[in-house]
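The structure under discussion appears below in the form of structure tokens.
Protein chains get the first letters and strands the later ones, always in sequence-line order, with residue 1 at the start of each. Note: hydrogens, waters and symmetry copies are ignored here, and every other heavy atom, side chains too, is used. Because the structure is predicted, anything quoted here is derived from the model rather than measured.
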Number of protein chains: 2
Amino acid sequence: MRQDLKSKATKELIIQKSFEIFYEKGYNSTNIPDIMKETNLSKGAFYHHFKNKCDIGKIVINKIIKKRIYDGFISPLKDYENKNIPELILYVFTQRIKNYSEKEKQLGCPANNLINEIGCTQENDFRVLLSGLISDWNESLTKVIKEGVRKKELHSNINPKAISTLLIGSFEGIRGIRKVYDDDVIFQDYISSIKYYIKSIST
Amino acid sequence: MRQDLKSKATKELIIQKSFEIFYEKGYNSTNIPDIMKETNLSKGAFYHHFKNKCDIGKIVINKIIKKRIYDGFISPLKDYENKNIPELILYVFTQRIKNYSEKEKQLGCPANNLINEIGCTQENDFRVLLSGLISDWNESLTKVIKEGVRKKELHSNINPKAISTLLIGSFEGIRGIRKVYDDDVIFQDYISSIKYYIKSIST
DNA sequence: AATAAAACATACTAATATGTATGTTATTTA
DNA sequence: TAAATAACATACATATTAGTATGTTTTATT
């Protein structure tokens, strides 16, 4: 195999497996041997491609988690031109929850898990990356809410940024709390409230 | 010193210091030597009073964190007889945030930190204890919201349990997200939205 | 006062971790 | 095709940690 392709493939394998184990065990409880067992490669391979655990942590955030938030929450907001904004927002925040697998329900949101576990304890780099994820999401959602106001589908006296913050915060909070339950009651109540809430800010 | 008093005092010291270090470093990253350095006692003292780390973890939840939630969120709801319910709820969910110290802003909510870090990864005991904290809180708040409906201070067509879930979830979510920021914008937006939200469900 | 037991302290074992140093094999390049 | 280098594997040095075993001191009991 060509060396550059092989190197790239190995790197991506290690990054992907790292993400999965961080997601399942948390960042601090994951160790390099754990990761490399999953890749069927040796520790030498890891340290050939990455500096250390911190290094892979940041890369996982930038390559995997960032993309997940983009694909799941930002991208679906993009083509808001033709759609009813309140419906679009409701869809994004409830349809995903309805489609979560058992594993995703138990393990919560990868981004939120990292935010809560290492948001403030690890070096500052992590904090900046993680806040960047939320800020990107928040800005995209705020833009859509503003567009909803412009189109008179949302009340004009609302605070778009504040609403965006509440939507994102409540979503992440609920996904966290769901982790300690073994049923979907909390999700159902959340969806019920979000429906009501979005209705209340709609024209 | 009397032996039973001494024993009790030592236990309480270890529990309190454990809570503080769990809060600062997270559960998984805290080790017994870390804790005992803070108490100026030896490791032998720890294992004399507690079985292991898991044991102290559960005790910290039951003795410290449970009480914090009770004192901070449940107890203030108790004397709702004489108060306006929407105002009381708004007060509980915003006043606390305004009074948080820098440390509390950076470190987030002790309960939510544990929920997100070890909610599903550790043994089932933790999950049950942590969900119990949220359930107790949720039930107390739901009761108050129902009382608000009865007193016609809140709309009759709302879903009290769902509203309670959204309030708690958003609060915890926001406290988590705040950890990766170094300013209070996210709190201000949250407070703004919660004010608007509570107004929207009030008569 | 003598004995027992609780409250610790110290020393140690065993397991596990990170990161490095040094091999070996595959690929590239001159 | 030979030298160089990248892509790994293996072995190791070091550190850390949980938990135990066994001391010593303090308090309680008889």
Would you mind checking if Lys105(B) and Asp182(B) are paired as a salt bridge, meaning a charged N to carboxylate O distance below 4.0 Å?
no
Looking at residues at least two apart in the chain, or sitting in another chain, which of them share a side chain to side chain contact (heavy atoms under 4.5 Å, CB included) with Glu12(B)?
Lys8(B)
Locate the shortest heavy-atom distance separating Asn28(A) from Glu117(A); write the atom from each residue and the value.
N-OE2, 2.8 Å
All pairs passing side-chain hydrogen bond (donor to acceptor under 3.5 Å, both in side chains) where residues 39-53 of chain A contributes a residue, at least two apart:
none
Pairs: protein N or O with nucleotides 28-30 of chain C N or O, under 3.5 Å:
residue, atom, partner, partner atom, Å
dT28(C), OP1, Gln3(A), N, 2.9

Taking five pairs at each end of the helix from dA1(C)-dT30(D) to dA30(C)-dT1(D), what angle separates the two helix axes (nearest 10°)?
0°
Under 4.0 Å protein heavy-atom contact, by nucleotide of nucleotides 8-24 of chain D - B base, S sugar-phosphate only
BBB------SBBB----
Does the pair Glu24(B)/Lys103(B) count as a salt bridge with the N-to-O cut at 4.0 Å?
yes
Do you know which of Phe187(A), Phe93(A), Tyr197(A) makes ring pair (Phe, Tyr, Trp, His ring centres under 6.0 Å) with Phe171(A)?
Phe93(A)
Hey, what do you get for OG1 (Thr30(A)) to NZ (Lys25(A)), rounding to the nearest 0.5 Å?
5.5 Å
Atom CG of Asp189(A) and atom CD1 of Ile163(B): how far apart are they, to the nearest 0.5 Å?
10.5 Å
Tell me the salt bridge (Lys or Arg N to Asp or Glu O under 4.0 Å) pairs involving residues 134-144 of chain A, sequence neighbours left out?
none
Between the NZ atom in Lys66(B) and the CD1 atom in Ile61(B), the distance rounded to the nearest 0.5 Å is 10.5 Å
In whole angstrom, give the distance that lies between atom CD1 of Ile56(A) and atom C1' of dG19(C).
15 Å
